[in-house]
Student: 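Provided herewith is a single structure, encoded as structure tokens, for subsequent inquiry.
No experiment lies behind these values; they were computed from the predicted model shown.
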Amino acid sequence: MMRFNRAIDQAKVLSFDLDDTLYNNHPIIKAALQAQHDYLQTLPAWREQDHGFWLRCRNAVIKRQPTLINDVTELRKQALTYAINSIGEDERHAVNAYEAFAEARSQITVSDEVLALLDALKSKYRLIAITNGNVDVNKFNLKGQFEQVLMAGPDGDAKPRRALFDNAASKLQVANHNIIHIGDSLDTDVQGANNAGCRSVWLNNQGITYAYKGLPCCEISDIMALRAFC
């Protein structure tokens, strides 16, 4: 299914969200959280904490530094450090717990079909990625697929703010309207692209009710529908 709400023209760049757009991220993040949990459970002082301890630590860090909400990597690192300090353990355990999370976070294999689609799209467009997440594409088979990978935090405030899109346009020396952003979230991907004056394609395959009421330029139900852009 491909439904257009407004024309997409003058496109030079295709920008992709990563998680749940090019691969199913749900089992990946579940495994990463479990890896972090398993490491922390080796610490007797951690095992003594109640189930709400981690969330309270995370919220305390956000309250102290609200801007960290735009950088999930730094937020997790600082929340782990805060938590480990709170239970009187050595801070190396915060580093180790994050490394356990990050290692599991990158155990991703993008399908050959999606990789072939990206290769075909490269014949017509420049490809980049814009993500609010913290996955490292250099650690799995998306390595080398994108001219730029822009991540919330290091490269600008998280979507739906426009900073990442503006940064991408500046780095690539194109106008914002020359960028089509493809993503699974109306609230972050579509709203962010629309806010920035970019074109937007919504991959509607999550079965989620979103708050954003604006329209994407185009709606698809399967990423492979982008073969029509080749």
Side-chain angles (χ1 to χ4, degrees), residues 5-6 8 10-23 25-26 28-29 32 55 58-79 98 101-102 105 125-137 142 145-206 208-220 223 226:
N5 296 308
R6 62 180 70 92
I8 294 179
Q10 299 180 314
K12 298 178 180 178
V13 177
L14 295 186
S15 162
F16 287 89
D17 177 52
L18 296 173
D19 297 340
D20 294 320
T21 296
L22 295 179
Y23 49 86
N25 190 54
H26 297 287
I28 305 303
I29 197 67
L55 183 59
R58 185 179 183 277
N59 288 343
V61 169
I62 293 173
K63 184 176 182 180
R64 188 172 59 189
Q65 286 185 262
T67 57
L68 284 177
I69 203 69
N70 291 301
D71 189 338
V72 293
T73 296
E74 191 60 26
L75 173 57
R76 184 170 297 277
K77 288 179 176 179
Q78 291 202 27
Y98 183 80
F101 173 89
R105 181 75 175 88
Y125 303 96
R126 300 166 73 180
L127 303 189
I128 65 170
I130 295 180
T131 178
N132 283 354
N134 54 3
V135 70
D136 184 351
V137 299
L142 279 180
Q145 289 290 337
F146 302 111
E147 186 174 335
Q148 298 277 346
V149 177
L150 290 92
M151 304 180 75
D155 298 308
D157 287 347
K159 299 172 288 185
R161 295 189 177 183
R162 62 180 292 160
L164 291 169
F165 299 97
D166 290 338
N167 194 357
S170 177
K171 285 177 178 290
L172 299 174
Q173 297 185 310
V174 299
N176 287 34
H177 68 261
N178 294 140
I179 299 173
I180 299 174
H181 181 69
I182 302 105
D184 64 284
S185 172
L186 272 178
D187 289 344
T188 59
D189 294 303
V190 172
Q191 183 174 194
N194 288 354
N195 286 346
C198 299
R199 307 298 186 240
S200 56
V201 173
W202 179 32
L203 174 59
N204 180 7
N205 67 352
Q206 296 297 308
I208 294 172
T209 299
Y210 293 98
Y212 182 58
K213 302 305 179 185
L215 291 174
C217 297
C218 176
E219 178 181 343
I220 59 177
I223 195 68
L226 295 179

Student: With side chains defined as the heavy atoms from C-beta onward, is the minimum distance between N132 and L164 less than 4.5 Å?
Tutor: yes
Student: Measure the CE-CG distance between M151 and L18 for me, rounded to the nearest 0.5 Å.
Tutor: 8.0 Å
Student: Quick one: pull up CD1 in I208 and CG in D20 and give me the separation to the nearest 0.5 Å.
Tutor: 7.5 Å
Student: Any side-chain heavy-atom pair from N178 and V13 closer than 4.5 angstrom?
Tutor: no
Student: If every non-hydrogen atom of D184 is compared with every non-hydrogen atom of W202, which pair is closest and at what distance?
Tutor: O-NE1, 3.0 Å
Student: Parallel, tilted or perpendicular for F165 and H181, by the 30°/60° rule?
Tutor: perpendicular
Student: Take D19 and R105, measure what salt bridge (charged side-chain N to carboxylate O under 4.0 Å, His left out) needs, and give me the verdict at the end.
Tutor: CA-CA 11 Å; D19 297 340; R105 181 75 175 88; 2.5 Å; yes
Student: Roughly how far, to the nearest 0.5 Å, is CD1 of I179 from OG of S15?
Tutor: 7.0 Å
Student: Taking all non-hydrogen atoms of both residues into account, name the closest pair between G133 and V72 and its distance.
Tutor: C-CG2, 3.9 Å
Student: Between CD1 of I180 and CD1 of I8, what distance do you get to the nearest 0.5 Å?
Tutor: 4.5 Å
Student: Going through the distances and angles, do L142 and F16 end up as a side-chain contact (heavy atoms from CB on, under 4.5 Å)?
Tutor: CA-CA 12 Å; L142 279 180; F16 287 89; over 6 Å; no
Student: Go through the steps for Y210 and V190 under the test side-chain contact (heavy atoms from CB on, under 4.5 Å), then give the verdict.
Tutor: CA-CA 11 Å; Y210 293 98; V190 172; over 6 Å; no
Student: Can you see which heavy atom on Q148 is nearest to which on L150, and at what distance?
Tutor: CB-CD1, 3.8 Å
Student: Show your working on side-chain contact (heavy atoms from CB on, under 4.5 Å) between R126 and V174 and close with a plain yes or no.
Tutor: CA-CA 11 Å; R126 300 166 73 180; V174 299; 4.0 Å; yes
Student: Output side-chain donor-acceptor pairs under 3.5 Å for residues 211-219, partner residues at least two apart or in another chain, one line each.
Tutor:
unit_1 : atom_1 : unit_2 : atom_2 : d
Y212   : OH     : N194   : ND2    : 3.1
E219   : OE1    : R3     : NH2    : 2.5
E219   : OE2    : N204   : ND2    : 2.9

Student: For D166 and N176, test the side chains for any donor-to-acceptor distance below 3.5 angstrom and give the result as yes or no.
Tutor: yes
Student: To the nearest 0.5 angstrom, please state how far the CG atom of N134 sits from the CZ atom of R76.
Tutor: 7.0 Å
Student: Suppose the criterion is salt bridge (Lys or Arg N to Asp or Glu O under 4.0 Å): which pairs have a residue in residues 195-205, not counting sequence neighbours?
Tutor: D9-R199
Student: Determine the minimum heavy-atom distance between A163 and G156, stating which atoms define it.
Tutor: CB-CA, 4.1 Å
Student: Which of these, T73, V61, D71, sits in a side-chain contact (heavy atoms from CB on, under 4.5 Å) with Q78?
Tutor: V61
Student: For a side-chain hydrogen bond (donor to acceptor under 3.5 Å, both in side chains) with K159, tell me which candidate from D17, N195, N70 qualifies.
Tutor: D17
Student: Going through the checks in order, is the side-chain contact (heavy atoms from CB on, under 4.5 Å) test met by V201 and L14?
Tutor: CA-CA 10 Å; V201 173; L14 295 186; over 6 Å; no
Student: Specify the closest pair of heavy atoms between D155 and N167, including all atoms of both residues, with the distance to one decimal.
Tutor: O-ND2, 2.9 Å
Student: CG of L75 to CD1 of I69: how many Å apart, nearest 0.5 Å?
Tutor: 6.0 Å
Student: Does D187 have any salt bridge (Lys or Arg N to Asp or Glu O under 4.0 Å) partners at least two apart in sequence or in another chain, and if so, which?
Tutor: none
